[in-house]
Number of protein chains: 2
Amino acid sequence: MNKCDQCIVRQLSSLKALNKEEVIKLANSKTTYKIKKGEALFEEGEVTNGVFCVKDGVGKLSKLSANGKDQIVKLVKSGELLGQRSMISNEPANLTAKAIADMEVCFIPKAEIINFFNNNNQFSLNMMQSVCEDLKESENEKIALVQKTVKQRLAETLLHLHDEFGEDTDKTLRVQLTREELAGIIGTATESCIRLLSDFNKLGLIELVGKKIMLKDVRALKKLADN
Amino acid sequence: MNKCDQCIVRQLSSLKALNKEEVIKLANSKTTYKIKKGEALFEEGEVTNGVFCVKDGVGKLSKLSANGKDQIVKLVKSGELLGQRSMISNEPANLTAKAIADMEVCFIPKAEIINFFNNNNQFSLNMMQSVCEDLKESENEKIALVQKTVKQRLAETLLHLHDEFGEDTDKTLRVQLTREELAGIIGTATESCIRLLSDFNKLGLIELVGKKIMLKDVRALKKLADN
DNA sequence: TTATTAAGATGATAATTGTCATGTTATTTT
DNA sequence: AAAATAACATGACAATTATCATCTTAATAA
């Protein structure tokens with residue numbers, strides 16, 4: 001039962017501050033789920049009443065617009081927590097969380113988290129720092145949306161995905177995003193995204209291997225993204 | 001000396017969780033400053049090592065881009081705290097804070113805040129909730145940047161400014177922003193902003209009283225912003 | 001396997017928004 | 001008060017990006 005101790009989320013997230021006793025309590029209160037690619041963990045407006053630990057897979061936090069476009073706010077990977085914000089604020093979820101690759105998650109009920117808050121200052125501090133990190137990222141992405149062109153944002157995003165998720169054995173990006181999802185991250189139309197990928201391909205910056213993407217000239221991509 | 005107890009920041013911010021004894025400690029460790037319009041509280045990259053309480057005035061958090069444009073991320077008004085994020089993350093400031101209207105602020109050193117964190121759970125929770133609130137706002141603004149047109153964002157921003165800062169006796173918006181600053185909030189070129197204000201004026205949505213702006217048709221502005 | 005649907009790709013075109021130029025009106029400074 | 005500067009305003013034009021249409025290829029269902 002008490003596998004939480006070895007769990008990657010325990011090692012990487014705010015939960016690393018928990019002591020032995022707390023981990024045991026955690027193990028007893030958690031529930032484990034499997035979420036298939038495309039399925040939702042929670043939808044905008046739902047009250048989650050707890051936090052999800054991502055043991056495996058990749059998820060996206062996004063918001064659907066009136067015109068049917070899905071703006072992706074953040075990708076989450078194994079080792080991360082999900083749903084802290086709305087739990088802390090006591091609000092229904094502001095975003096929808098869906099699996100991009102099959103996920104394995106554990107749900108920790110709110111009462112347990114609150115308990116940790118009240119008895120473990122380091123845990124509180126970790127959680128606060130993680131929210132702060134999200135805030136900083138969000139602010140910087142907001143600025144990039146305004147100050148950079150779509151081309152620059154695509155280059156930047158490809159580099160981010162490479163950094164965060166690494167590459168497969170065939171050197172292509174490990175995260176498998178559709179062009180539509182990629183467009184949803186950089187905030188542009190799917191066609192524009194496809195067109196630019198095609199341009200990058202012709203310029204030798206990347207190589208398109210079927211639907212997969214291989215970064216060929218990281219330096220040039222960086223230059224493009226920064227300037 | 002111990003005016004902190006009556007202070008608006010004490011009443012409105014996370015500091016409201018402090019007890020009498022803590023407020024006395026606060027009053028003894030704080031320093032008060034006056035910041036003239038246009039002056040900076042701190043600049044991007046600076047280590048602040050504490051938190052600022054905004055007693056009076058208005059400030060902006062912004063980032064200067066390579067091309068000289070200043071993207072405004074957030075406005076802060078009296079009763080709010082400033083600089084929590086970088087203090088909590090232990091990082092230099094990610095944004096520059098400048099006064100838009102003459103400010104009166106108090107500086108609370110980091111050691112004091114950490115002390116409150118460790119001894120007052122409600123304070124920690126309040127602070128965490130306030131950062132979460134910022135995060136939610138930032139995410140929503142990020143989405144709006146992508147999913148809405150400049151026109152919609154201008155309408156939305158005018159309504160926000162009206163809600164948050166209210167109006168002067170002459171019914172114009174109380175915050176005095178230059179067109180350039182307004183453009184910096186909605187993320188567009190100054191000329192585009194001016195042009196749209198002029199359009200809104202012609203359409204009877206607003207009235208331009210010199211440099212000041214009066215909202216004339218809130219309902220129509222809301223409709224424009226939402227749809 | 002074939003039919004059907006989804007994803008990717010590309011051209012043509014339109015709309016939005018940015019840039020540069022120039023002029024006017026306020027606001028400071030001298 | 002005159003000069004200088006900053007803020008506001010508008011036209012002309014260019015660039016970027018979105019939209020619509022169409023086609024190809026891949027994935028999924030029948």
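Just so we're on the same page: letters track the sequence lines, and every chain starts at 1.
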**Student:** Rounded to whole angstroms, how far apart are NZ on B/Lys69 and C1' on C/dC20?
**Tutor:** 12 Å
**Student:** Between B/Glu91 and A/Lys136, does any NZ, NE, NH1 or NH2 come within less than 4.0 Å of an OD or OE carboxylate oxygen?
**Tutor:** yes
**Student:** Counting side-chain heavy atoms from C-beta on, which of C/dT17, D/dT10, D/dA18 comes nearest to A/Thr188?
**Tutor:** D/dA18
**Student:** Hey, is A/Lys142 close enough to B/Glu141 for a salt bridge, meaning N to O under 4.0 Å?
**Tutor:** yes
**Student:** Separation of B/Ile100 atom CD1 from D/dA7 atom P, in whole Å?
**Tutor:** 13 Å
**Student:** If you compare all heavy atoms of A/Glu167 against all heavy atoms of A/Arg174, which two are closest, and at what distance to 0.1 Å?
**Tutor:** O-NH2, 3.0 Å
**Student:** Measure from CD1 on B/Ile194 to C1' on C/dG23 and round the result to the nearest Å.
**Tutor:** 13 Å
**Student:** With a 4.0 Å limit, can you tell me whether A/Lys151 has a side-chain N or O closer than that to the phosphate oxygens OP1/OP2 of D/dA15?
**Tutor:** no
**Student:** Atom CZ of B/Arg195 to atom C1' of D/dC13: distance rounded to whole Å?
**Tutor:** 11 Å
**Student:** What's the closest nucleotide to the side chain of A/Thr149 if the choices are D/dA18, D/dT17, C/dT10?
**Tutor:** D/dT17
**Student:** Start at the 5' end of DNA chain D and walk down; is the nucleotide closest to A/Leu196 or to B/Leu208 reached first?
**Tutor:** B/Leu208
**Student:** Indicate whether OP1 or OP2 belonging to D/dT16 is found under 4.0 Å from a side-chain N or O atom of A/Ser192.
**Tutor:** no
**Student:** CG of A/Asp199 versus C1' of C/dG8: gap in Å, rounded?
**Tutor:** 15 Å
**Student:** Can you tell me the distance, in whole Å, between the CD atom of B/Gln176 and the P atom of D/dA6?
**Tutor:** 19 Å
**Student:** Which atom pairs, donor and acceptor, lie under 3.5 Å between side-chain atoms of residues 190-209 of chain B and protein residues at least two apart or in another chain?
**Tutor:**
{"unit_1": "B/Glu207", "atom_1": "OE1", "unit_2": "B/Lys216", "atom_2": "NZ", "d": "3.2"}

**Student:** Rounded to the nearest Å, what distance is computed from the CD atom of residue B/Glu191 to the P atom of nucleotide D/dA14?
**Tutor:** 17 Å
**Student:** Whether A/Ser198 contacts C/dT10 is assessed here as follows: a side-chain N or O lying under 4.0 Å from the phosphate OP1 or OP2. Is that the case?
**Tutor:** yes
**Student:** Is any NZ, NE, NH1 or NH2 atom of the basic residue among B/Lys60 and B/Glu181 found under 4.0 Å from an Asp or Glu carboxylate oxygen of the other?
**Tutor:** yes
**Student:** Take A/Asp70 and A/Ser62, measure what side chain to side chain donor-acceptor pair (under 3.5 Å) needs, and give me the verdict at the end.
**Tutor:** CA-CA 6 Å; A/Asp70 200 37; A/Ser62 67; 3.1 Å; yes
**Student:** Contacts to DNA chain C from residues 177-187 of chain B, heavy-atom cutoff under 4.0 Å, which residues?
**Tutor:** none
**Student:** Under 4.0 Å between a Lys/Arg side-chain N and an Asp/Glu carboxylate O for B/Lys74 and B/Asp134?
**Tutor:** yes
**Student:** May I have the distance from A/Leu197 (atom CG) to C/dA7 (atom P), rounded to whole angstrom?
**Tutor:** 16 Å
